[in-house]
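Residue numbers start from 1 in every chain, and the chains themselves are labelled A, B, ... in the order their sequence lines are given, proteins ahead of strands.
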Protein chains: 2
Amino acid sequence: MEDGTSKAQSYCEGTGDYDVRQWDQREDCEVRQILDRVADKWSLLVIALLDRRTMRFSELRREIDGVSQRMLTVTLRHLERDGLIRRTVYPVVPPRVEYTLTPLGETLHEVIKSLVDWTEAHQQEIARARSEYDARTEAEQRIAVGS
Amino acid sequence: MEDGTSKAQSYCEGTGDYDVRQWDQREDCEVRQILDRVADKWSLLVIALLDRRTMRFSELRREIDGVSQRMLTVTLRHLERDGLIRRTVYPVVPPRVEYTLTPLGETLHEVIKSLVDWTEAHQQEIARARSEYDARTEAEQRIAVGS
DNA sequence: CTGAATCCGATCAGATACTG
DNA sequence: CAGTATCTGATCGGATTCAG
């Protein structure tokens with residue numbers, strides 16, 4: 001079955017204030033788990049797509065292209081378990097399954113959007129930093145080797 | 001060396017508007033790479049810690065506890081390459097290396113904070129969704145097996 | 001102290017085959 | 001159509017060792 005997180009877990013009670021050491025540090029911290037889900041390769045994309053409209057499995061699969069059937073299934077199950085999306089099965093033949101963002105999922109999408117906006121806004125800056133870093137380390141390589 | 005991303009890469013030019021299909025879809029998209037970095041298990045924590053003050057390698061290692069030396073090194077290299085943190089080496093013996101958040105890193109921290117805030121705010125809600133999901137699927141299991 | 005390099009087990013994820 | 005199950009190569013990350 002390959003379940004991601006075990007079921008019985010002490011979820012660290014937040015004190016309310018913003019203490020770094022509170023929101024990670026331990027595997028059994030809820031926040032870390034949620035962050036991992038958000039961090040997931042396909043989750044972001046699925047959420048963004050579903051924010052626009054309800055979609056079927058095959059639609060998602062076609063739209064995302066690059067995702068394997070297996071990984072899409074796993075991703076959807078995780079998101080459903082976390083209450084971020086809702087899965088509706090229509091008892092017809094052939095089967096019809098629709099996925100929708102829940103209200104909770106919609107609020108998450110807002111946050112995700114700000115993250116994506118940030119990356120878009122700073123793309124160039126990061127690209128520049130990278131090439132500078134690479135140039136620097138390459139130069140050091142040549143020195144180390146002795147040219 | 002185990003480099004994360006290759007160096008020569010066509011970074012997809014954003015059109016400016018918020019189009020889902022623009023910010024992922026292809027491995028060679030900058031945004032996807034940046035998202036992956038943010039998604040990284042330790043990156044978030046490192047950034048959050050450095051936002052408070054400059055820290056040395058061993059300090060970070062002690063503070064994070066759970067991270068291996070190897071992964072901390074890898075994480076720091078990635079963040080440095082992306083221009084999110086600055087690494088300063090003091091030529092003394094024993095060596096002293098300090099890590100600081102760059103201005104770019106500081107702006108990212110703001111965004112991260114909103115993400116963390118979201119997870120904290122909805123912890124309970126997600127926990128509830130999970131146990132409901134688990135109860136539901138367990139029940140289905142029993143039916144399938146036939147009790 | 002701050003790493004880099006290597007080894008190696010654990011986990012992940014793609015491909016394939018099968019099912020209601 | 002919408003999955004599940006299995007196999008397997010690829011990748012990740014911890015432990016260990018060595019070095020400036």
Between [N] and [X], is there an OP1 or OP2 to side-chain N/O distance shorter than 4.0 Å?
{"X": "B:R61", "N": "C:dG3", "value": "no"}
{"X": "B:Y99", "N": "C:dG3", "value": "yes"}
{"X": "B:R56", "N": "C:dT2", "value": "yes"}
{"X": "A:T73", "N": "D:dA2", "value": "no"}

May I ask you to decide if [Y]'s main-chain N or O and [X]'s side chain share a donor-acceptor pair within less than 3.5 Å?
{"X": "B:S131", "Y": "B:A127", "value": "yes"}
{"X": "B:T75", "Y": "B:W42", "value": "no"}
{"X": "B:E80", "Y": "B:R77", "value": "no"}

Side-chain donor/acceptor of B:Q69 to base of C:dG3, under 3.5 Å: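 Pair found.
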For the pair made of [atom1] in [X] and [atom2] in [N], what is the distance, rounded to whole Å?
{"X": "A:D40", "N": "D:dC12", "atom1": "CG", "atom2": "P", "result": "14 Å"}
{"X": "A:D36", "N": "C:dC12", "atom1": "CG", "atom2": "C1'", "result": "14 Å"}
{"X": "A:I64", "N": "C:dG14", "atom1": "CD1", "atom2": "C1'", "result": "16 Å"}
{"X": "A:E98", "N": "D:dG3", "atom1": "CD", "atom2": "C1'", "result": "16 Å"}
{"X": "A:R77", "N": "D:dA5", "atom1": "CZ", "atom2": "P", "result": "11 Å"}
{"X": "B:E80", "N": "C:dG3", "atom1": "CD", "atom2": "C1'", "result": "13 Å"}
{"X": "B:R62", "N": "C:dT2", "atom1": "CZ", "atom2": "P", "result": "9 Å"}
{"X": "A:E59", "N": "D:dG3", "atom1": "CD", "atom2": "P", "result": "13 Å"}

Of the listed nucleotides D:dG14, D:dC1, C:dG3, the one nearest the side chain of B:S68: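 Nucleotide nearest to B:S68's side chain: D:dG14.
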A:R70 side chain, from C-beta outward: closest of C:dA15, D:dG14, C:dT2: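 In terms of side-chain proximity for A:R70, the closest of C:dA15, D:dG14, C:dT2 is C:dA15.
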Which residues share a salt bridge (Lys or Arg N to Asp or Glu O under 4.0 Å) with A:E132, sequence neighbours left out: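 For A:E132, no residue satisfies salt bridge (Lys or Arg N to Asp or Glu O under 4.0 Å) once neighbours in sequence are set aside.
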A:I85 to A:T102 - nearest heavy-atom pair and separation: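 Result for this residue pair: C-CG2, 3.6 Å.
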For DNA chain C, the residues among residues 86-95 of chain B that have a non-hydrogen atom under 4.0 Å from it: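 B:R87, B:P94, B:P95 - these, ordered by number, are the residues of the stretch whose heavy atoms sit under 4.0 Å from the strand.
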B:H109-B:E106 side chain donor-acceptor pair, cut-off 3.5 Å: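 On atom types as modelled, these side chains do not qualify, holding no pair under 3.5 Å.
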Sole candidate of A:T73, A:L60, A:L72 that passes side chain to side chain contact (heavy atoms under 4.5 Å, CB included) when paired with A:V67: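 Running side chain to side chain contact (heavy atoms under 4.5 Å, CB included) over A:T73, A:L60, A:L72 with A:V67 returns exactly one hit, A:L72.
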